[in-house]
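Take a look at the structure set out below.
In what follows, chains are A, B, ... by sequence order, proteins preceding strands, each numbered from 1.
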Protein chains: 2
Amino acid sequence: MQVLFKDFEEILPLTDHEKVLIESKISFQKIKRKSLVLKEGKVCKLYTYIQSGCFRMYGIDDKGFSHNIQFAAEGDWIADIGSFYTQTASKLNIEAIEDCEIYQINQPDLYWLLENLPKVNRMFKVISENNFVEIQNRVLQNFSSTAEQRYLSFLEQYPHLSSRLPNTQIASYLGITPEFLSKIRKGLTKKRL
Amino acid sequence: MQVLFKDFEEILPLTDHEKVLIESKISFQKIKRKSLVLKEGKVCKLYTYIQSGCFRMYGIDDKGFSHNIQFAAEGDWIADIGSFYTQTASKLNIEAIEDCEIYQINQPDLYWLLENLPKVNRMFKVISENNFVEIQNRVLQNFSSTAEQRYLSFLEQYPHLSSRLPNTQIASYLGITPEFLSKIRKGLTKKRL
DNA sequence: TCTCACACTTAAACTAGATTAAGAAATGGA
DNA sequence: TCCATTTCTTAATCTAGTTTAAGTGTGAGA
């Protein structure tokens, strides 16, 4: 739990009492590569903090193809916020791309902390605002019409992940085929010479 | 102000006292077609309720082309929530597509109402959740790779607006050229025969 | 009433990116 | 360690959507 608190305390220091309360509501999990913490059609009941590993959030289109919306790694929180807040069925999946160590909290427990610990409240206000901004940026990023530009802004947004993620996952995020991503990369290395 | 209250009271009835308080914080405006209620680079200071007329929210790419993210008409609330909540510069513009009658509230006044009137708080929780879901659906909609499918889901989402908006605005929302939208429409009318 | 700026359509030439296929490289599980 | 599966790359062919250009409304302001 230290990592979570360290993260938290970069913004707001916590008393021991607060830490005990938070600890009592949060549960630790190890989960395997390729397993899901959220499946479409289900309500998103858990908010997940990532201690180690990496997740992708994706939707599936009518033809059965999946499309990555977002990645999340160490230090990030991830959930389908819409589904979590309204407790309605989600249209999204959240899958571990690597073996992961995570902390999770369910909706009633989080709401209890939000009401009773002002620091947690402030912290989560920031987290959900960031989340909103991120998804809005996702929409804005899609404006850059060429795939090469989108790839470049992906590299800026996820510099630590670009070498860690399989190309297929990146292509799915960019909305192109892995073959075409390969072509783009080739083009870029040529330009660099 | 009646229209706003009527809207509101479909969800929660208000006392006269509450109405007076709300009225004291909200200001009425008439604004002309093509004028902006939010300009990129500025902080989004006002939350806008639309009594009549219609707005588009759009971003501008590096090449100077604008891309519609969202439309809003009678009964809708519109703002760049990210910018409004964090009071940081917005990357978006909100422009009247028709002459409009609107009510607006600024951030401190809204926050005051949220803290002092639980009904307003509940109401805005729903409004901002819907807003989040809407922008997330926008991302999901973009999955349907063909422009025709995206056009069809646009028609479902904005049935009342499809005949009211200029084709150019719809094309900008769909991420295609007006020429190609024209082609799609032609194709669809043929299919219908 | 005229006109000027916009909106809509059509069509021909062009391009970004998809699809298919096939071989090479890397990775993980037993 | 070896096999199986997944991942990456290249290249040829194909298509959805762009670009350019030209012609046709249409409504608001002078």
Side-chain angles (χ1 to χ4, degrees), chain A residues 30-35 53-54 56 58 61-68 71 95-100 141-155 161-191, chain B residues 32-35 53-54 56 58 61-68 71 95-100 141-155 161-191:
Chain A
K30 284 194 180 195
I31 77 161
K32 281 278 166 200
R33 181 166 172 268
K34 298 221 171 174
S35 53
C54 167
R56 68 186 181 116
Y58 65 97
D61 69 22
D62 355 301
K63 286 170 196 153
F65 294 112
S66 58
H67 303 261
N68 291 340
F71 297 112
E95 186 196 79
I97 297 183
E98 307 168 350
D99 293 353
C100 294
Q141 225 179 61
N142 264 38
F143 289 170
S144 354
S145 47
T146 77
E148 184 174 300
Q149 285 172 324
R150 270 179 282 142
Y151 177 58
L152 291 172
S153 33
F154 162 81
L155 290 180
L161 288 182
S162 60
S163 54
R164 197 164 141 193
L165 293 170
N167 252 356
T168 45
Q169 297 302 342
I170 299 175
S172 161
Y173 178 88
L174 297 174
I176 59 176
T177 55
E179 290 83 356
F180 192 58
L181 177 54
S182 213
K183 219 170 176 176
I184 290 173
R185 287 184 136 167
K186 197 183 168 189
L188 285 175
T189 50
K190 265 190 192 165
K191 275 187 197 169
Chain B
K32 282 278 167 202
R33 180 167 172 267
K34 298 221 172 175
S35 52
C54 167
R56 70 184 179 115
Y58 65 97
D61 69 22
D62 356 301
K63 287 171 195 154
F65 294 113
S66 58
H67 303 261
N68 292 338
F71 298 112
E95 185 196 80
I97 297 183
E98 308 167 349
D99 293 353
C100 294
Q141 228 179 59
N142 264 40
F143 288 170
S144 352
S145 47
T146 77
E148 185 174 300
Q149 285 172 322
R150 271 179 282 142
Y151 178 57
L152 292 172
S153 35
F154 163 80
L155 290 179
L161 288 182
S162 59
S163 54
R164 199 164 139 193
L165 293 170
N167 253 356
T168 44
Q169 295 303 340
I170 299 175
S172 162
Y173 177 86
L174 298 174
I176 58 176
T177 58
E179 290 83 357
F180 192 57
L181 177 53
S182 213
K183 220 169 176 177
I184 290 174
R185 286 183 136 166
K186 198 182 169 190
L188 286 175
T189 50
K190 264 188 193 166
K191 276 187 196 168

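In this structure, of dC8(C), dG17(D), dT7(D), it is dT7(D) that holds the atom nearest to the side chain of Thr168(A). Candidate nucleotides dA21(C), dT18(D), dG17(C) were compared by shortest atom distance to the side chain of Arg150(A), and dG17(C) ranks first. For Pro166(A), taking side-chain heavy atoms from C-beta onward, the closest of the listed nucleotides dT10(C), dG17(C), dT7(D) is dT7(D). Looking at the side chain of Phe180(A), the nearest of the listed nucleotides dG17(D), dA11(C), dA16(C) is dA16(C).
Atom NZ of Lys63(B) and atom C1' of dT19(D) are 13 Å apart (whole Å). In this structure, CG of Leu165(A) is placed 14 Å from P of dT27(C), rounded to the nearest angstrom. Between the CD atom of Glu95(A) and the P atom of dT6(D) there is a distance of 12 Å, rounded to whole Å. Atom NZ in Lys186(B) sits about 10 Å away from atom P in dT9(C), given to the nearest Å. One interatomic measurement links the two molecules: NZ of Lys183(B) to P of dA21(D), which rounds to 17 Å at whole-angstrom precision. The distance from atom CZ of Phe65(B) to atom C1' of dT18(D) is 11 Å, rounded to the nearest whole Å. Between Ile184(A) atom CD1 and dT9(D) atom P there is a gap of 12 Å when expressed in whole angstrom units. The interatomic distance linking Arg185(A) (CZ) with dC8(D) (P) rounds to 7 Å, in whole Å.
The shortest distance between the side-chain N/O atoms of Asn167(B) and the OP1/OP2 oxygens of dT9(C) is below 4.0 Å.
Heavy-atom nearest nucleotides on DNA chain C were determined for Lys34(B) and for Pro178(B), and the one closer to the 5' end corresponds to Lys34(B). Nearest-nucleotide assignment on DNA chain D puts the 5′-proximal partner with Arg33(A), out of Arg33(A) and Gly175(B).
Side-chain contact check for Arg150(A) and Gln141(A): no donor-acceptor pair (N or O, by modelled atom type) lies under 3.5 Å. Under 3.5 Å, the side chains of Thr146(B) and Gln149(B) contain a donor-acceptor pair of N or O atoms.
Aromatic ring centroids of His67(A) and Tyr58(A) lie 6.0 Å or more apart.
The rotation axes computed at either terminus of the helix from dT1(C)-dA30(D) to dA30(C)-dT1(D) lie 50° apart, taking five pairs at each end and rounding to 10 degrees.
At the heavy-atom level, Ser182(A) lies under 4.0 Å from base atoms of the strands shown. Residue Thr177(B) is in base contact, counting any heavy-atom pair closer than 4.0 Å across all strands shown.
Using a distance-only test at 3.5 Å, with no hydrogens or angles considered, no donor-acceptor pair links the side chain of Asn68(A) to the main chain of Ser172(A).
For the salt bridge (charged side-chain N to carboxylate O under 4.0 Å, His left out) with Asp99(B), the qualifying choice from Lys34(B), Arg33(B), Lys32(B) is Lys32(B), the only one to do so.
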Intermediate values then yes/no, side chain to side chain contact (heavy atoms under 4.5 Å, CB included), Leu165(A) and Phe154(A) = CA-CA 12 Å; Leu165(A) 293 170; Phe154(A) 162 81; 4.1 Å; yes
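Closest approach of Ile170(B) to Ser162(B), counting heavy atoms only: CD1-O, 3.7 Å.
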